[in-house]
Amino acid sequence: MKTAVIIGSEGQDGQYLFNYLELIQYRVIGVGRNTIRTNLDEDIQPLDINSLEEVSSFIMKICPDEIYYLAAHHHSSEDVIKNEGSLINLSYQTNVIAYTHFLESIRIYIPQTRIFYAASSHIYGNPKGVIQSEITKHNPNSIYAITKCNSLQLSKYYRENHGLFCSVGILYNHESHLREEKFISRRVVKTAVEIKAGIKNELLIGNINAEIDWGYAGDFVKAFVEILNCDVSDDFIIATGKINKLKVFISHVFSYLELDWEKYVREDQSFLIRKINGVLCGDYQKLNKLTGWKPTADLESLAEIMVNKELELSTLN
């Protein structure tokens, strides 16, 4: 039975991945902020990923077969950046430096361990082409994207210079009910459910015609596992390869709730605090050819999954 460690287990992907790994008979340790979630019958203390000493001790004690580095410091297009210096420091600390603690610990103590890093489609910035592949030029234009690009390059360095099995997933937008409310997909669904319940009467959107390659988080985490179980380590795009306008997702959500979205949705560009990227659409054929992975949930299915879960949450509250 394999042992896997998930760094960033409290986030959307971390929760889905923990459940999936447990389902396929893994021993799993989820590391969150000052928390540990595990299906093992042993006491495991919380881990400070910012401490190389703690990471090294943890790695030597657990000796995991696989590590999934999903921790990230991120902000959405609707977040106000109050202190850019602080944002840069926090982003580098979580997205790059803490990741190197795991790379170094693996290199020194357990070089047979495989590690996955969750990068982002934002590394492409405003690409010229309609669709991006793994060979598309990187052009990061945000702090988040720059740090993700840095760790992708670090992964390649450790792969080529130290022979480590460190693979990177270049993740395009993927959603679920576990998204924080600051993300547009969850805000659309939550507000629609509240409109249906008579709690709210309006949904404000920054750009209703935004074009997005949107997938389902439950599909994406399966790709993570496929990637770490390949014969070779490399960089792989995880996407749907399809572009949809935000208003199409909105229409699916409202239609499922038997509401006319045009009666309730209003565009307000003041919601867009910072400049957004161009259209990002990923070609996942490299991953598909190697593993057979492909997305299973289309945009309408994603909308229904999220609405059903949001209805459950609203009933519980």
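Positions are given from 1 along the sequence.
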Are Tyr124 and His138 near enough that their ring centres are under 6.0 Å apart? yes
Start with the C-alpha distance between Asp13 and Gln15, add both sets of side-chain angles, then the distance that settles side-chain hydrogen bond (donor to acceptor under 3.5 Å, both in side chains), and finish with yes or no. CA-CA 5 Å; Asp13 294 357; Gln15 292 183 61; over 6 Å; no
Within 6.0 Å of CD1 in Ile199, more than 12 heavy atoms from elsewhere: yes
What I want to find out is whether Glu194 reaches Lys190 closely enough, with some N-O distance under 4.0 Å, to be called a salt bridge. yes
Could you tell me if the side chain of Thr38 sits less than 4.5 Å from the side chain of Val28, heavy atoms only? no
Quick one, Ile170 with Leu152, criterion side-chain contact (heavy atoms from CB on, under 4.5 Å). Give me CA distance, side-chain angles, the key distance, then yes/no. CA-CA 9 Å; Ile170 303 170; Leu152 182 148; 4.0 Å; yes
Is any side-chain heavy atom of Asn209 closer than 4.5 Å to one of Leu246? no
Determine whether Lys61 and Ile59 make a side-chain contact, defined as any pair of heavy atoms from C-beta on separated by less than 4.5 Å. no
Answer yes or no: does atom CD of Glu53 have more than 12 heavy-atom neighbours from other residues, nucleotides or ligands under 6.0 Å? no
Listed partners of Asn150 passing side chain to side chain donor-acceptor pair (under 3.5 Å), at least two apart: Tyr92
Hey, is the main chain of Ile208 close enough, under 3.5 Å, to the side chain of Glu267 for a donor-acceptor pair? yes
In short, side chain to side chain donor-acceptor pair (under 3.5 Å) pairs touching residues 96-108 with sequence neighbours left out are Ser56-Ser105, Tyr99-Ser155, Glu104-Arg107, Glu104-Tyr158
Closest non-hydrogen atom pair, Ala119 against Lys148: CA-CD, 3.9 Å
Counting only heavy atoms not in Asn161, do more than 12 sit closer than 6.0 Å to its CG atom? yes
Evaluate whether atom CD of Gln112 has more than 12 neighbouring non-hydrogen atoms of other residues, nucleotides or ligands under 6.0 angstrom away. yes
Is the shortest heavy-atom distance from the side chain of Ile195 to the side chain of Trp261 under 4.5 Å? no
Can you name the nearest heavy-atom pair linking Tyr68 to Ala4, along with the distance? CE1-CB, 4.1 Å
Determine yes or no for a side-chain-to-main-chain donor-acceptor pair under 3.5 angstrom, with Asp213 supplying the side chain and Gly282 the backbone. yes
Taking the side chain as every heavy atom from C-beta outward, state whether Ile24 and Val225 have any atom pair closer than 4.5 Å. yes
Which is it for Glu211 and Asn244 under the side-chain hydrogen bond (donor to acceptor under 3.5 Å, both in side chains) test, yes or no, and what are the steps along the way? CA-CA 5 Å; Glu211 294 180 308; Asn244 285 286; over 6 Å; no
Evaluate the side-chain proximity of Ile7 to Leu70: yes if any heavy-atom separation is below 4.5 Å, no if none is. no
Would you check, one step at a time, whether the test side-chain contact (heavy atoms from CB on, under 4.5 Å) holds for Asn39 with Tyr26? CA-CA 9 Å; Asn39 60 2; Tyr26 270 67; 5.9 Å; no
Can you find a pair of side-chain heavy atoms, one from Pro140 and one from Cys149, that are under 4.5 Å apart? yes
Flag for Thr35-Glu10: side-chain donor and acceptor within less than 3.5 Å: yes
Scan for side chain to side chain donor-acceptor pair (under 3.5 Å) pairs involving residues 286-299, sequence neighbours excluded, and state none if there are none. Asp219-Thr296, Asp234-Lys286, Asp298-Ser301
Indicate yes or no: at least one non-hydrogen side-chain atom of Glu175 is less than 4.5 angstrom from one of Met306. yes
Arg179 side chain to His174 backbone, donor-acceptor under 3.5 Å: yes
Does Glu22 pair with Arg27 as a salt bridge, N-O distance under 4.0 Å? no
Go through it in stages, so that I can follow the logic: the residues are Glu66 and Asn229, the test is side-chain contact (heavy atoms from CB on, under 4.5 Å), and I'd like the CA-CA distance, side-chain angles, deciding distance and then a yes or no. CA-CA 9 Å; Glu66 300 170 5; Asn229 283 276; 3.4 Å; yes
Could Arg266 and Glu202 be called an ion pair, given the rule that one side-chain N must be under 4.0 Å from one carboxylate O? yes
Indicate if Ile250 and Leu259 have the same hydrophobic cluster label, given that clusters are the connected sets of ILVMFWY residues with side-chain heavy-atom separations under 4.5 angstrom. yes
On the ring face of Phe18, is Arg37 found with NZ or CZ under 6.0 Å from the centre and within 45° of the axis? yes
Please assess Tyr16 against Tyr216 for the test ring pair (Phe, Tyr, Trp, His ring centres under 6.0 Å), listing each intermediate value before the final yes or no. CA-CA 11 Å; Tyr16 269 98; Tyr216 170 47; 5.8 Å; yes
